[in-house]
Number of protein chains: 2
Amino acid sequence: MENNCIFIEKLRSSGLRPTKQRIKICKLLFDRKKTFHFTINDLSKILNKEIRQKVSLATIYNTIHSFKKKGYLKEISVNKDKSYFDTNTSNHHHFLDMNTNELIDLKSEDVHNIKIKKRIPGKKINSIEVLVKIENSN
Amino acid sequence: MENNCIFIEKLRSSGLRPTKQRIKICKLLFDRKKTFHFTINDLSKILNKEIRQKVSLATIYNTIHSFKKKGYLKEISVNKDKSYFDTNTSNHHHFLDMNTNELIDLKSEDVHNIKIKKRIPGKKINSIEVLVKIENSN
DNA sequence: ACACTACTTTAGAATCATTATAAATTAGAA
DNA sequence: TTCTAATTTATAATGATTCTAAAGTAGTGT
């Protein structure tokens with residue numbers, strides 16, 4: 001219970017009321033050591049595994065979008081079927097395992113020296129995203 | 001009319017019957033100097049601008065998928081709303097203009113020195129895709 | 001030219017992720 | 001406690017894509 005204080009504070013300081021649904025989602029997403037990659041569907045399944053306190057799909061969408069807007073989550077465009085989200089909001093890249101459809105983080109340092117030689121007049125670079133597709137090497 | 005011969009041959013040699021719908025789509029996609037980026041919706045609008053010979057949505061999807069499978073088109077994951085296709089099937093990257101949602105080709109040479117330091121055991125790299133998001137620099 | 005069969009096209013239905021809606025619930029302030 | 005605005009929720013709506021099954025067409029053999 002005391003653990004939730006961090007999340008309650010986090011939510012409150014972002015102008016989001018700390019409802020039990022949001023706290024539950026916070027715990028699931030942010031109370032972990034390693035980066036977590038997920039789809040809304042994944043999240044819904046995990047959240048609603050225990051029947052006692054279900055969170056509706058609409059709330060999951062709302063909450064994830066709020067979190068993204070606040071910068072707590074990154075959205076990753078991998079394929080058009082589903083949206084992937086990433087709890088690692090730092091500047092980094094990804095492996096995509098074509099066999100399992102799993103995302104794996106690549107630290108910024110793991111991809112060195114990305115230099116873009118071409119420029120578009122009147123435009124500035126906002127971000128550079130690298131997706132490395134991998135597959136079984138058998 | 002004679003122009004179509006190229007496309008008829010191309011289709012035939014790929015085991016695709018040269019129907020008038022496919023030829024029409026071929027002309028639209030491949031009879032141009034510059035790379036063409038499009039969504040199915042774009043294509044449908046252009047194809048069906050003239051009312052005389054409409055091509056159904058289902059046929060457009062079928063044809064584009066066939067072309068992709070044959071390697072005549074590349075599919076690009078930019079955002080989950082829509083699928084983008086690219087008539088440039090060579091190894092290259094993209095700018096994505098966040099203001100207009102437009103894709104712009106980046107030659108392979110325009111992005112130099114992509115080296116991935118990390119490896120995943122049992123996996124080999126299939127492709128490396130770089131997406132450079134740009135926006136108005138006003 | 002004719003007939004046959006497999007390939008294509010097509011309209012419309014089905015699907016699936018996501019968003020909108022509107023009513024019921026809840027948090028925080030007075 | 002009471003009030004109001006924020007939130008949750010079930011359900012409907014949307015929009016891209018896929019499926020389906022019937023009608024049309026290309027290519028082969030006659």
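Chain letters run A, B, ... following the sequence lines, proteins first and then strands; every chain starts at 1.
B:N62 comes within 4.0 angstrom of a base, heavy atoms only. A:S83 comes within 4.0 angstrom of sugar-phosphate atoms only, judged by non-hydrogen atoms across all strands, and of no base. Residue contacts for A:T59: at a heavy-atom cut-off of 4.0 Å it reaches a base atom on one of the strands shown.
Taking the six-membered ring where the residue is Trp, A:F30 and A:F7 present tilted rings, their angle falling between 30° and 60°.
In the set D:dT8, C:dT9, C:dT18, the nucleotide with an atom closest to the side chain of A:T19 is D:dT8. For A:A58, whose side chain is taken as the heavy atoms from C-beta onward, the closest listed nucleotide among C:dA11, C:dA20, C:dT8 is C:dA20. Nearest nucleotide to the A:S56 side chain, out of D:dA6, D:dG27, D:dA10: D:dA10. Comparing D:dT17, C:dT8, C:dA11 by their nearest atom to the side chain of B:Y61 picks out D:dT17.
Regarding B:K68, its NZ atom lies at a distance of 13 Å from the C1' atom of D:dT17, rounded to whole Å. Atom-to-atom, CG of A:N41 to P of C:dT18 comes out at 9 Å; the value is rounded to the nearest Å. Between the CZ atom of A:F85 and the P atom of C:dA17 there is a distance of 14 Å, rounded to whole Å. Straight-line distance from the NZ atom of A:K20 to the C1' atom of D:dA6: 14 Å, rounded to whole Å. We find that CZ of A:R22 is positioned 11 Å from P of D:dT9, with the value rounded to whole Å. The CD atom of B:E9 sits 11 Å away from the P atom of D:dG27 (whole-angstrom rounding). Per the geometry, CD belonging to A:Q53 stands 12 Å off C1' belonging to C:dT25, to the nearest Å. Atom CD of A:Q21 is separated from atom C1' of C:dT25 by 10 Å (rounded to the nearest Å).
Once rounded to the nearest 0.5 Å, the distance linking OG of B:S56 with CG of B:N62 reads 7.5 Å.
Residue order along DNA chain D, read from the 5' end via each residue's closest nucleotide, puts B:I40 first among B:I40 and B:R17.
Contact detail for A:H92 and A:L106: the closest heavy-atom pair is CB-O, 3.3 Å.
With sequence neighbours excluded, no residue forms a ring pair (Phe, Tyr, Trp, His ring centres under 6.0 Å) with B:F95.
Looking at B:E129 and A:K133, a side-chain N of the basic residue comes within less than 4.0 Å of a carboxylate O on the acidic one, giving a salt bridge.
In this model, the phosphate group of D:dT17 is not approached by any side-chain N or O of B:H65 to a distance below 4.0 Å at OP1 or OP2.
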